[in-house]
Amino acid sequence: MSRRIAFPFLTLQDPSVLAQDWRIAVGHSELLDSGEWLLDWDASIPLRLSRSFGIDFATAARDLEIDADDLRLAVILRIGSGQGRLSRSIIDREHRVLDAEHPVTVLEVTIDGSQLSSVLDLHVDITLADDCGTGSDLSPSRKGDRVWRDTARIRLEGEEPRLPIEVADLSSLLTGVAAFAPWYLEWSPRDWSRDFHGAIRLYLSSGHQNLITRIEAEDTEVLRILMADVMSQVCESLLREPDAALILETCAEGSIGAQVAFWLKLAFPGRDVRYAKSLLEQRPGLFRASMQALANQQVQDI
C-alpha cells in the first residue's frame, strides 16, 4: 500500500533499519542485486537469496521509547510463491534475534526451484523478540508486536498482475453516498486491451481504519471479500460485451481482458465463455458464488 498503516504503538523509522537490497543467484552463479524480473529462471535449478539486516539500536530505542539494553528484536522472513496478488503458499521461513551486542544478521536461503511458481515473494517483519514492560505508554510491549515490515516481489515468469492498492479519502474521489464506501475500484471497461496494472486501482477508504489494519495483517476473510468484489466487477462487465469471446481470444498477456480470461479459466475449468456468459445471465447468484469460491482459493494458503 502507498501509505504507512497507523499502529496502536510506536514503530521503527527507516533510519533505524540498516537493510541492504536483496541479492539473488540462479544455481551457482554470482549473487546479483534483484530486480522486478529474474532472468533465466528454471524450475530445475535452485535459487540462492541473501540480504543483510542491521539495527541501529540507539536510534531504534528512541523510536520505540525502550531502553536499548532491554530491546531485543526478531527479524522474520517468509518466502512465498504462486500466482495472485498474495502468495499461494509459504515455502520457507527464517527467524533471527538481534540485540545491542549482536545488531547484524545475514539472511541466506537456498530454495529448490521446483517449489516456485510464477513469482517469488519475500516478506520481512521485525517484531519484539520478548515481552517488554519498560517502555512508555506508547511503546510496543508484547512479544511479536510488529514494528517494521518490508516486502519484495520478484517475477519469475508471466503471471497474474498484482492489484495496485492505495489508501485515500474517498470524499475527494466520489460524491454522494458512494463517498462513504469502505473501498472503491477505479477502472473503466472501455478498453480491454489496456495493461491491467495501469488500468485498475483499488482505493481503501481512509475513514475505515479497521479495514485497512485487517488488510495490512493479511486477514484472509477480508481479502477474500475484496478479491471476490474485484473479480466479479471486471468479469461481469466483460461478459456483457457483445463480442466477449473475441475479446478474450485476442487480448494480449498482461491486459485486463487476459486477466479476465485467467480468472474465468480458474472459476469454470473446462468451460468456454458461452457457459460463463449464460451462467451470469440465467443464474447470477451461482456466478457470484463461483467468484467467491475462486477468491477463497486465492487466499486460503496465506
Is there side-chain contact between Ile55 and Leu18, with heavy atoms separated by less than 4.5 Å? no
side-chain contact (heavy atoms from CB on, under 4.5 Å) between Leu279 and Leu239, intermediate numbers included: CA-CA 10 Å; Leu279 192 66; Leu239 288 173; over 6 Å; no
According to a 4.5 Å side-chain heavy-atom criterion applied to Ile, Leu, Val, Met, Phe, Trp and Tyr, with indirect links allowed, do Ile247 and Met231 form part of one hydrophobic cluster? yes
Close side-chain approach of Phe53 to Gln20, heavy-atom, < 4.5 Å: no
Show me the pairs that pass salt bridge (charged side-chain N to carboxylate O under 4.0 Å, His left out) and involve residues 98-114, at least two apart or across chains. none
Would you say the side-chain atoms of Arg96 pair up with the backbone N or O of Ile76, donor to acceptor, closer than 3.5 Å? no
Can you get from Leu238 to Leu246 by hopping between Ile, Leu, Val, Met, Phe, Trp and Tyr side chains that sit under 4.5 Å apart? no
Is there a path from Val177 to Leu204 through hydrophobic residues (I, L, V, M, F, W, Y) whose side chains come within less than 4.5 Å of each other? no
Examine distances only and state if a side-chain atom of Ser290 and a backbone atom of Ala267 form a donor-acceptor pair shorter than 3.5 Å. no
Would you say the side-chain atoms of Thr213 pair up with the backbone N or O of Gln209, donor to acceptor, closer than 3.5 Å? yes
Looking at every non-hydrogen atom in both residues, tell me the closest pair between Asp219 and Glu221 and how far apart they are. OD1-N, 3.0 Å
Evaluate the side-chain proximity of Leu120 to Ile24: yes if any heavy-atom separation is below 4.5 Å, no if none is. yes
Which atom pair, heavy atoms only, marks the closest approach of Ala295 to Ala228? CB-N, 3.6 Å
Please determine whether a side-chain nitrogen of the Lys or Arg among Lys143 and Asp131 lies less than 4.0 Å from a carboxylate oxygen of the Asp or Glu. no
Criterion side-chain contact (heavy atoms from CB on, under 4.5 Å) on Val109 and Ile111, from CA distance to verdict: CA-CA 6 Å; Val109 182; Ile111 306 171; 4.0 Å; yes
Could you tell me which residues satisfy salt bridge (charged side-chain N to carboxylate O under 4.0 Å, His left out) with Asp21, sequence neighbours excluded, listed by chain and number? none
is_close_aromatic(Phe287, Phe268), centroid dist under 6.0 Å: yes
Option from Ile225, Ile215, Ile212 for which side-chain contact (heavy atoms from CB on, under 4.5 Å) with Trp183 holds: Ile225
Tell me, with the steps shown, if Glu30 and Leu32 meet side-chain contact (heavy atoms from CB on, under 4.5 Å). CA-CA 6 Å; Glu30 179 184 1; Leu32 299 173; 4.0 Å; yes
Any salt bridge (charged side-chain N to carboxylate O under 4.0 Å, His left out) involving residues 52-74? Give me the pairs, sequence neighbours left out, ordered by first then second residue. Arg72-Asp130
Show the nearest heavy-atom pair for residues Cys251 and Gly257, with the distance to one decimal. SG-CA, 3.7 Å
Euclidean distance, Leu107 CG relative to Thr105 OG1, rounded to 0.5 Å: 5.5 Å
Can a salt bridge be assigned to the pair Arg194 and Asp191 using a cut-off of 4.0 Å between side-chain N and carboxylate O? no
Would a 4.5 Å heavy-atom cut-off, applied to side chains only, mark Asp121 and Thr151 as touching? no
Kindly compute the distance separating CG (Leu223) from CE (Met227), expressed to the nearest 0.5 Å. 7.5 Å
What heavy-atom pair brings Ile91 and Ser81 nearest, and what distance separates the two atoms? CD1-CB, 4.5 Å
With a 4.5 Å limit on heavy-atom distance, are the side chains of Cys132 and Leu71 in contact? no
Let me confirm one number: the CG-SG distance from Leu294 to Cys235, rounded to the nearest 0.5 Å. 8.0 Å
Start with the C-alpha distance between Thr127 and Asp125, add both sets of side-chain angles, then the distance that settles side chain to side chain donor-acceptor pair (under 3.5 Å), and finish with yes or no. CA-CA 6 Å; Thr127 71; Asp125 291 336; over 6 Å; no
If you take all heavy atoms of Ala68 and Ala61, which pair is closest and at what distance? N-CB, 3.7 Å
Output the rest of the hydrophobic cluster of Tyr184: all Ile, Leu, Val, Met, Phe, Trp and Tyr residues reachable through side-chain heavy-atom contacts under 4.5 Å, sorted by chain and number. Leu170, Leu173, Leu174, Tyr203
Side chains of Val97 and Leu73: closer than 4.5 Å at any heavy-atom pair? no
If hydrophobic residues (ILVMFWY) are linked whenever their side-chain heavy atoms come closer than 4.5 Å, directly or via other members, who joins Val104 in its cluster? none
Could you walk me through whether Glu241 and Trp192 pass side chain to side chain donor-acceptor pair (under 3.5 Å), step by step? CA-CA 10 Å; Glu241 295 278 2; Trp192 296 102; 2.9 Å; yes
If only atom types and distance count, is the side chain of Arg23 paired as donor or acceptor with the main-chain N or O of Leu31 below 3.5 Å? yes
To the nearest 0.5 Å, what is the distance between CG on Asn296 and OG1 on Thr220? 8.0 Å
Heavy-atom pair of closest approach, residues Pro46 and Thr110: CB-CG2, 4.0 Å
I'd like to check Thr11 versus Phe9 (side-chain heavy atoms, cut-off strictly below 4.5 Å). Are they in contact? yes
For the pair Ser232 (side chain) and Asp229 (backbone), establish whether a donor and an acceptor sit closer than 3.5 Å, ignoring hydrogens and angles. no
Please report the interatomic distance OG(Ser136) to CG(Leu10), rounded to the nearest 0.5 Å. 5.5 Å
Before giving the answer on side-chain contact (heavy atoms from CB on, under 4.5 Å), spell out for Trp263 and Met291 the whole-Å C-alpha distance, their side-chain angles and the decisive distance to 0.1 Å. CA-CA 9 Å; Trp263 283 332; Met291 292 292 106; 5.5 Å; no
In the structure I gave you, are the side-chain heavy atoms of Trp22 and Val124 within less than 4.5 Å of one another anywhere? yes
Which residue pairs pass the salt bridge (charged side-chain N to carboxylate O under 4.0 Å, His left out) test with at least one member in residues 284-297, sequence neighbours excluded? Glu236-Arg288
Calculate, to the nearest 0.5 Å, the distance between atoms CD1 and OG belonging to Ile256 and Ser188 respectively. 8.0 Å
Salt bridge (charged side-chain N to carboxylate O under 4.0 Å, His left out), that's the test. Do Arg51 and Asp150 meet it? Break it down for me. CA-CA 12 Å; Arg51 190 181 189 187; Asp150 176 78; 2.8 Å; yes
Do Glu216 and Arg214 meet the salt-bridge criterion of a basic N to acidic O distance under 4.0 Å? no
Same apolar cluster (I L V M F W Y, side chains within < 4.5 Å links), Leu211/Phe180: no
Say whether, by atom type as modelled, one donor and one acceptor occur between the side chain of Ser278 and the main chain of Arg274 under 3.5 angstrom. no
